[in-house]
Number of protein chains: 2
Amino acid sequence: MADNPKSRCPKEFFDFVVRRGLRQTPQRRAIVELVVSTRQHFTAEQLYDWARARDASVSRATVYRTLTLLTESGLIQELELGKEVKYYDPNYVAHPDHNHIICLDCGKIIEFDSPEIDQQAQKIAQDLGFAVKSRRLQILATCDELQKTGHCSRKAD
Amino acid sequence: MADNPKSRCPKEFFDFVVRRGLRQTPQRRAIVELVVSTRQHFTAEQLYDWARARDASVSRATVYRTLTLLTESGLIQELELGKEVKYYDPNYVAHPDHNHIICLDCGKIIEFDSPEIDQQAQKIAQDLGFAVKSRRLQILATCDELQKTGHCSRKAD
DNA sequence: CTGACTGCAAAGGCTTTGCAACCAG
DNA sequence: CTGGTTGCAAAGCCTTTGCAGTCAG
């Protein structure tokens with residue numbers, strides 16, 4: 001859905017690492033590189049699998065610890081999708097205000113921006129006496145294509 | 001925030017119970033009555049405490065089991081607020097499409113409806129080839145009052 | 001060298017489940 | 001009576017943490 005180049009230099013993250021007086025380790029590097037090179041949403045377990053494939057020495061503990069750092073640095077954002085586990089979204093750097101459509105048919109997650117909705121939300125909050133810090137809109141929907149053709153071309157992704 | 005009468009007869013739920021061939025037990029009744037008589041959001045643990053106060057024989061297991069039934073019956077809805085635990089919202093029956101503002105200052109959760117946003121969301125989803133089943137919009141915000149006066153009158157609730 | 005980082009396994013915290021007794025209909 | 005329900009305690013699951021060894025800077 002998004003259209004930013006597929007990989008970004010993890011500079012943002014290593015700035016953060018330096019600022020915090022942290023260190024750069026092979027495990028950390030493997031995990032971070034994976035995260036910045038995908039636009040997919042992923043779970044801790046998935047990231048653990050990916051990382052293991054690159055560097056078998058990576059442990060779950062390090063994945064979780066790095067996930068915390070990545071979230072704090074703003075490189076990823078936690079996603080509560082109403083599914084069992086937590087997902088992480090690496091696309092907030094490129095699209096800080098994007099929203100999600102979650103397909104109930106195939107589980108696919110589509111992202112979209114909507115300045116109109118942002119504006120509306122902004123106005124409503126203001127009227128109620130609040131200053132918006134962030135917002136998240138999730139739309140649960142069924143897929144027209146699947147309903148009509150019995151096949152979902154998005155399912156592949 | 002909402003403005004429906006403060007208590008509703010759990011008829012909807014007992015219809016559901018009958019339809020499913022379930023039974024009506026004192027524990028179940030206690031829990032359901034608590035749920036339909038509040039407009040507050042609550043956690044499983046809170047509900048457990050409330051229920052214990054009414055009927056000390058209620059166990060956590062029954063609370064969780066009843067929570068599942070209540071969710072399936074549509075009387076409450078799970079809420080992912082980005083906090084540690086899951087919350088439950090009993091106000092969807094009265095306001096099926098309401099949204100939430102979560103105050104980062106005091107933690108208070110304010111509900112609001114917005115036909116405009118619903119409509120926008122509807123349109124966007126349609127354009128992308130989806131049929132909206134439900135949506136949830138959460139706005140994280142800070143409270144003007146607290147920022148200005150250092151005191152939040154909503155905190156009381 | 002020093003203290004941040006790691007893996008491992010144990011511990012946590014919330015939720016689910018197996019089981020035998022119980023009781024609603 | 002029958003089988004849905006319950007409480008209890010054990011089990012599950014995902015995530016966090018204590019610890020001793022390791023390694024980045």
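These values consider heavy atoms only, across backbone and side chains, with no hydrogens, waters or symmetry-generated copies. Numbers restart at 1 for each chain; the letters A, B, ... are given by sequence-line order, proteins then strands.
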Completion exercise
In numerical order, the residues of residues 51-59 of chain A whose heavy atoms come under 4.0 Å of DNA chain C are A:Ser57, A:Val58, A:Ser59

Practice task
Could you list by number each residue of residues 41-49 of chain B showing a heavy-atom separation from DNA chain D of less than 4.0 Å, or answer none if no residue does?
Solution key: none

Exercise for the section: Verify salt bridge (charged side-chain N to carboxylate O under 4.0 Å, His left out) between B:Asp127 and B:Lys123, making sure each step is shown before the conclusion. Expected result: CA-CA 6 Å; B:Asp127 291 351; B:Lys123 181 178 179 312; 3.0 Å; yes

Exercise for the section: In whole angstrom, give the distance that lies between atom CD of B:Gln27 and atom C1' of C:dC23. Expected result: 10 Å

Handout entry: Verify same cluster id: B:Leu140, B:Leu146 (apolar side-chain graph, 4.5 Å)
Key = no

Exercise for the section: Go through the side-chain N and O atoms of A:Glu111 and A:His41 and say whether any donor and acceptor fall under 3.5 Å apart. Expected result: yes

Practice task
Evaluate the side chain to side chain contact (heavy atoms under 4.5 Å, CB included) criterion for residues A:Val36 and A:Phe13: first the C-alpha distance (whole Å), next the side-chain angles of each, then the deciding distance (0.1 Å), finally the verdict.
Solution key: CA-CA 10 Å; A:Val36 300; A:Phe13 183 70; 5.9 Å; no

Problem - Aromatic plane relationship, A:Phe42 with A:Tyr88 - under 30° parallel, 30 to 60° tilted, over 60° perpendicular - result: parallel

Problem - Single-linkage hydrophobic cluster, 4.5 Å side-chain cutoff, B:Leu128 and A:Ile117 together - result: yes

Practice task
Check side chain to side chain donor-acceptor pair (under 3.5 Å) between B:Arg23 and all other residues, then give those that pass, not counting sequence neighbours.
Solution key: none

Exercise for the section: Provide, to the nearest angstrom, the distance between the OH atom belonging to A:Tyr87 and the C1' atom belonging to D:dT15. Expected result: 16 Å

Problem - Partner set under side chain to side chain contact (heavy atoms under 4.5 Å, CB included) for B:Leu34, not counting sequence neighbours - result: B:Leu47, B:Trp50, B:Ala51, B:Arg54

Exercise for the section: Rounded to the nearest angstrom, tell me the gap between atom CZ in B:Arg28 and atom P in C:dC22. Expected result: 19 Å

Exercise for the section: Mind checking side chain to side chain donor-acceptor pair (under 3.5 Å) for A:Arg29 and listing every partner two or more places apart, or none if nothing turns up? Expected result: none

Exercise for the section: With heavy atoms under 4.0 Å as the rule, sort B:Arg65 into base, sugar-phosphate or nothing. Expected result: base

Problem - Length of the CD-C1' vector between A:Glu78 and D:dT16, whole Å - result: 14 Å

Exercise for the section: Please name the pair of heavy atoms, one in B:Thr38 and one in B:Asn91, separated by the smallest distance, quoted to 0.1 Å. Expected result: O-OD1, 4.4 Å

Problem - Strand contacts (DNA chain C) in residues 18-26 of chain A, 4.0 angstrom heavy-atom criterion - result: A:Leu22, A:Arg23, A:Thr25

Practice task
Please state whether the phosphate of D:dT15, meaning OP1 or OP2, lies under 4.0 angstrom from any side-chain nitrogen or oxygen of A:Tyr64.
Solution key: yes

Problem - Phosphate contact (C:dA9 OP1 or OP2) by A:Arg60 side-chain N/O below 4.0 Å - result: no

Practice task
For the residue pair B:Arg52 and B:Tyr48, confirm or rule out a side-chain donor-acceptor distance under 3.5 Å.
Solution key: yes

Practice task
To the nearest Å, give me how far apart OH (A:Tyr88) and P (D:dC14) are.
Solution key: 13 Å

